[in-house]
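Quick note on labels: first sequence line is chain A, next is B, and so on, each numbered from 1. Just so it is clear, the values below take in all heavy atoms, side chains as well, and ignore hydrogens, waters and symmetry mates.
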Amino acid sequence: MMNTTALHHKITRWFDHHGRDLPWRRPDCSPWGVLVSEVMLQQTPVVRVLPVWTEWMHRWPTPADLAQAPTAEVLRAWGNLGYPRRALRLQSTATALVERFHGTVPADPAQLRSLPGIGDYTAAAVSSFAFGIPETVIDTNIRRVHARLVNGKGLPHTSLTAAEKRLAQQLMPDDTSTANQWNKAVMELGALVCTARSPSCAACPVLSECAWIAAGKPDPDYQPTGQAWHGTDRQLRGAIMGLLRARDSVDRAELRSAVTATGKLGTHRPNDSQWERCVSGLLHDGLIVATKQHLTLP
DNA sequence: AACGCGGGGTA
DNA sequence: TACCCAGCGTT
């Protein structure tokens, strides 16, 4: 293992000067605000989350506020962040916080992990960022920095390995305050400098320690297979949700023409089975509800 | 371990 | 066009 103390110093110092001033990082942001930001940031970039988070925290500043909100309004406020099941789970988490934690956010990662939509990453992130508990945080940015800096790989493997977890724990500073700064700093380094596509190695504070640089920046071991979009169920589900966010309801007989008229499907024309599969899937997920004649948000 | 799940910005 | 993004839950 390399000299980790030098890495800690260089990367946290870099963060002090170059870290972004994001609202959920400010000292006056509540743990609830941190939790909301982390859920919104699950697979959605910072720039798209910013305006939605700001409006969200204005409307529902505490878990109790969100728990009491109409779910249809919650889904509309979620807007086009994507993966709207996250919004349902966030409201369910708000209810659980009221019922099980007196309306507060627990600091214990195991208790956080028990909440709907809170996985290993989000539990560790909230525990560290909101409460200063030095949990080992591992997100896609941190994995990529570790893969390059320590292992000399172009990108980490698709799935998180036990070896990666051990490495992340070994790299954690012993000092609590430094450990929490390290979590934020490595994540930010991955987001701003050590990016997936075209990293800005000239701006990197640990360029001279980087195993990937030393190895001649080899290409990733594997070929990423991107998600399809055009014609998929996700596209159609998203188009149906987009229509219902803009309307009170839609007549079931007019669903196809109304969704098609939004233009969100491009040239794709779903067949009967795809329409049926997507509508029943949205019903099953609780993202829409059906009366005899209409579909609406919950 | 692999898959389904949104949507938009970027190279 | 393909890839990427502060992942999670299910199979």
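- At whole-Å resolution of the value, CG in A/D120 and P in C/dA6 are 19 Å apart.
- At the heavy-atom level, A/R277 lies nowhere under 4.0 Å from the strands shown.
- At a cut-off of 3.5 angstrom, counting only N and O atoms as typed in the model, there is a donor on one side and an acceptor on the other between the side-chain of A/T44 and the base of B/dG6.
- The side chain of A/N141 lies closest to C/dA6, out of C/dA6, B/dC5, C/dC8.
- The CG-P distance, from A/L160 to B/dA2, rounds to 14 Å in whole Å.
- Counting any heavy atom pair closer than 4.0 Å across all strands shown, A/A196 reaches sugar-phosphate atoms only and no base atom.
- On a pure distance criterion of 3.5 Å, no polar donor-acceptor pair joins the side chain of A/R197 and the base of C/dC4.
- More than 12 heavy atoms of other shown residues, nucleotides or ligands fall within 6.0 angstrom of atom CG in A/D16.
- The side chain of A/T122 places an N or O atom within less than 4.0 Å of a non-bridging phosphate oxygen (OP1 or OP2) of C/dC8.
- In terms of polar N and O atoms assigned as donor or acceptor, the side chain of A/R48 comes within less than 3.5 Å of the base of B/dG7 in a complementary pairing.
- C/dC8 atom P lies 12 Å from atom CG of A/L112, rounded to whole Å.
- Each of A/V47 and A/S159 has a nearest nucleotide on DNA chain B; the 5'-most of these lies closest to A/S159.
- Close to B/dC5, at under 4.0 Å from its OP1 or OP2, lies no side-chain N or O of A/R86.
- Using atom P as the reference point in both B/dG8 and C/dC8, the two lie 23 Å apart (nearest Å).
- Nearest nucleotide to the side chain of A/R113, out of C/dG9, C/dC8, C/dC5: C/dG9.
- Between A/W182 and A/H146, the two ring planes are parallel [angle under 30°; tilted spans 30° to 60°].
- When the side-chain nitrogen and oxygen atoms of A/R144 are compared with OP1 and OP2 of C/dC5, one or more of them lie within a distance under 4.0 Å.
- Atom CG in A/N80 sits about 19 Å away from atom P in B/dC5, given to the nearest Å.
- Rounded to a whole angstrom, the distance from the C1' atom of C/dC4 to that of B/dG6 is 13 Å.
- With A/E164 as the fixed residue, the side chain to side chain donor-acceptor pair (under 3.5 Å) test singles out one of A/H157, A/Q169, A/R143: A/R143.
- A/R144 contributes a side-chain N or O that, together with a main-chain N or O of A/G190, makes up a donor-acceptor pair within less than 3.5 Å.
- When heavy atoms are screened at a 4.0 angstrom cut-off, A/I118 is found touching the sugar-phosphate backbone but no base atom.
- Where A/G117 and A/A125 meet DNA chain C, the nucleotide closest to each residue was compared, and A/A125 sits on the side nearer the 5' end.
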Going through the distances and angles, do A/T44 and A/R86 end up as a side-chain hydrogen bond (donor to acceptor under 3.5 Å, both in side chains)?
-> CA-CA 11 Å; A/T44 304; A/R86 290 182 293 165; 2.9 Å; yes
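- Residue A/D285 is out of contact with every strand shown, counting any heavy-atom pair closer than 4.0 Å.
- No side-chain donor-acceptor contact under 3.5 Å links A/T296 and A/R247.
- Between the CD atom of A/Q43 and the P atom of B/dC5 there is a distance of 14 Å, given to the nearest Å.
- With the nearest nucleotide of DNA chain C identified for both A/R89 and A/F129, A/F129 has the one nearer the 5' end.
- In this structure, A/S37 reaches neither bases nor backbone, as no heavy-atom distance under 4.0 Å exists between it and the strands shown.
- With C/dA6, C/dC5, B/dG6 as the choices, the nucleotide that has an atom nearest any side-chain atom of A/W24 turns out to be C/dA6.
- For A/D139 and C/dA6, the CG to C1' distance is 5 Å, given to the nearest whole Å.
- Rounded to whole angstrom, the span from the CG atom of A/L192 across to the P atom of C/dC4 amounts to 18 Å.
- As judged by a 4.0 angstrom heavy-atom cut-off over every strand, A/L287 is placed among residues making no nucleic acid contact.
- As rounded to whole Å, 14 Å separates atom C1' of C/dC5 from atom CZ of A/R143.
- Ring-centre distance between A/W60 and A/W32: not below the 6.0 Å cut-off.
- Note on A/R245: a side-chain N or O is less than 4.0 Å away from OP1 or OP2 of B/dG7.
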